[in-house]
Amino acid sequence: MTAVPCAIALGSNLGNSRKTLQQALTTLAHCPDIDVIAQSSLYQTVAIGPPQPDILNACALLKTSLSAQDLLHQLLATEQHFGRVRRERWGPRTLDLDLLFYGQSIITEPALHVPHPRLRERAFVLIPLAEIAPHWRDPVSGQLIHSLCQAVDPTGVQPLGPISASS
Ligand SMILES: Nc1ncnc2c1ncn2[C@@H]1O[C@H](COP(=O)(O)OP(=O)(O)OP(=O)(O)O)[C@@H](O)[C@H]1O
Ligand SMILES: Nc1nc2c(c(=O)[nH]1)N=C(CO)CN2
């Protein structure tokens with residue numbers, strides 16, 4: 001199978017979030033079927049949902065020979081590895097990994113929706129994603145990421161610099 005370009009979103013607000021996001025990317029890069037092509041800056045973002053500490057967010061571009069379903073399983077296994085526990089919807093998390101795009105595929109299965117259904121309304125996704133994939137076209141809306149990004153309110157999304165920089 002030829003490698004498919006994909007985009008993922010990363011988030012964390014429990015534990016050492018910067019380190020967790022760095023290590024999660026390293027873990028994914030070590031998977032034999034995944035190449036990490038690009039990573040955005042790190043952002044501190046006001047959490048949308050129940051009151052909780054700010055979230056560190058970033059996005060990355062991958063290339064993978066995995067199917068979308070197998071890539072999702074790898075993302076969920078990586079969340080587990082970093083101690084993800086689901087208590088309340090949109091609650092605090094050690095690591096959240098969302099599959100945003102799998103090439104130009106549109107997938108609507110009970111356990112997998114791609115493109116991620118809420119990405120168009122999320123400044124905490126679109127701002128980091130626009131850094132690394134401004135010309136990626138969303139196959140659902142037909143819009144480019146940089147256009148979708150211009151349409152969201154950037155309030156509450158603060159750049160922190162390179163993800164690999166030490167704090
Ligand atoms: N594109 C996708 N990326 C990640 N998970 C997905 C996707 N589509 C469906 N899911 C399913 O959603 C389930 C719950 O995901 P999770 O608890 O991480 O939601 P969340 O990231 O907190 O909220 P949101 O989906 O609004 O970002 C996962 O177990 C997975 O099966
Ligand atoms: N700022 C911010 N808010 C959120 C986030 C997130 O990653 N960042 N993720 C959510 C569900 O996954 C819900 N709310």
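Whatever order the structure lists them in is the order used to number ligands and atoms, beginning at 1.
Below 4.0 Å from some heavy atom of Asn57 lie the following atoms of ligand 2, by number and element: 1 (N), 2 (C), 6 (C), 7 (O), 8 (N). Ligand 2 places these atoms under 4.0 Å from at least one heavy atom of Trp90: 11 (C), 13 (C). Of all the atoms in ligand 1, the ones that sit under 4.0 Å from a non-hydrogen atom of Trp90 are 22 (O), 23 (O), 24 (P), 26 (O). Less than 4.0 angstrom separates some heavy atom of Arg118 from each of these atoms of ligand 1: 24 (P), 25 (O), 26 (O). For ligand 2, the atoms closer than 4.0 angstrom to any heavy atom of Ile55 are 2 (C), 3 (N), 4 (C), 5 (C), 6 (C), 7 (O), 8 (N).
Under 4.0 Å from ligand 1, the heavy atoms of Arg122 that appear belong solely to its side chain. When heavy-atom distances to ligand 1 are checked against a 4.0 Å cut-off, Leu72 comes that close only through its side chain, counted from C-beta outward. Of the heavy atoms in Asp96, only side-chain atoms (C-beta onward) come closer than 4.0 Å to ligand 1. For Val46, every heavy-atom contact with ligand 2 shorter than 4.0 Å involves the backbone, none the side chain. Here Ile48 has heavy atoms under 4.0 Å from ligand 2 in both its backbone and its side chain.
For Ser141 (side chain) and Gln143 (main-chain N/O), a donor-acceptor pair under 3.5 Å exists by modelled atom type. Checking side-chain atoms of Ser12 against main-chain N and O of Leu56 turns up no donor-acceptor pair under 3.5 Å. Of the possible polar contacts, none joining the Asp33 side chain to the Leu66 backbone as a donor-acceptor pair under 3.5 Å is found. Judged purely by atom type and a 3.5 angstrom limit, Gln52 uses its side chain to pair as donor or acceptor with the backbone of Pro50. Checked by atom type and distance alone, the side chain of Gln158 never pairs as donor or acceptor with a backbone atom of Thr45 at under 3.5 Å. Checked by atom type and distance alone, the side chain of His81 never pairs as donor or acceptor with a backbone atom of Ala77 at under 3.5 Å.
Using 4.0 Å as the threshold, Ala47 has a heavy atom nearer than that to some atom of ligand 2. Contact annotation: Arg93 has at least one heavy atom less than 4.0 Å from an atom of ligand 1. Note on ligand 2: Arg93 sits in its first shell, one or more heavy atoms being nearer than 4.0 Å.
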Test side-chain contact (heavy atoms from CB on, under 4.5 Å) applied to Leu71 and Leu99, step by step
CA-CA 8 Å; Leu71 178 59; Leu99 180 54; 3.7 Å; yes
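Note: no N/O pair closer than 3.5 Å links Val114 and ligand 1 by distance alone. The shortest N or O to N or O distance between Thr45 and ligand 2 is under 3.5 Å. Close N/O approach between Leu112 and ligand 1 is not found [any backbone or side-chain N/O within under 3.5 Å].
Judged as a ring-ring contact (aromatic ring centres under 6.0 Å, His included), the pairs with a partner in residues 108-162 (not counting sequence neighbours) are, in order, Phe101-Trp136, His135-His146.
Exactly one residue among Asp98, Leu75, Leu100 makes a side-chain contact (heavy atoms from CB on, under 4.5 Å) with Ile8. That residue is Leu75.
Looking at residues two or more places apart in sequence or on another chain, you find a salt bridge (charged side-chain N to carboxylate O under 4.0 Å, His left out) between Asp138 and Arg120.
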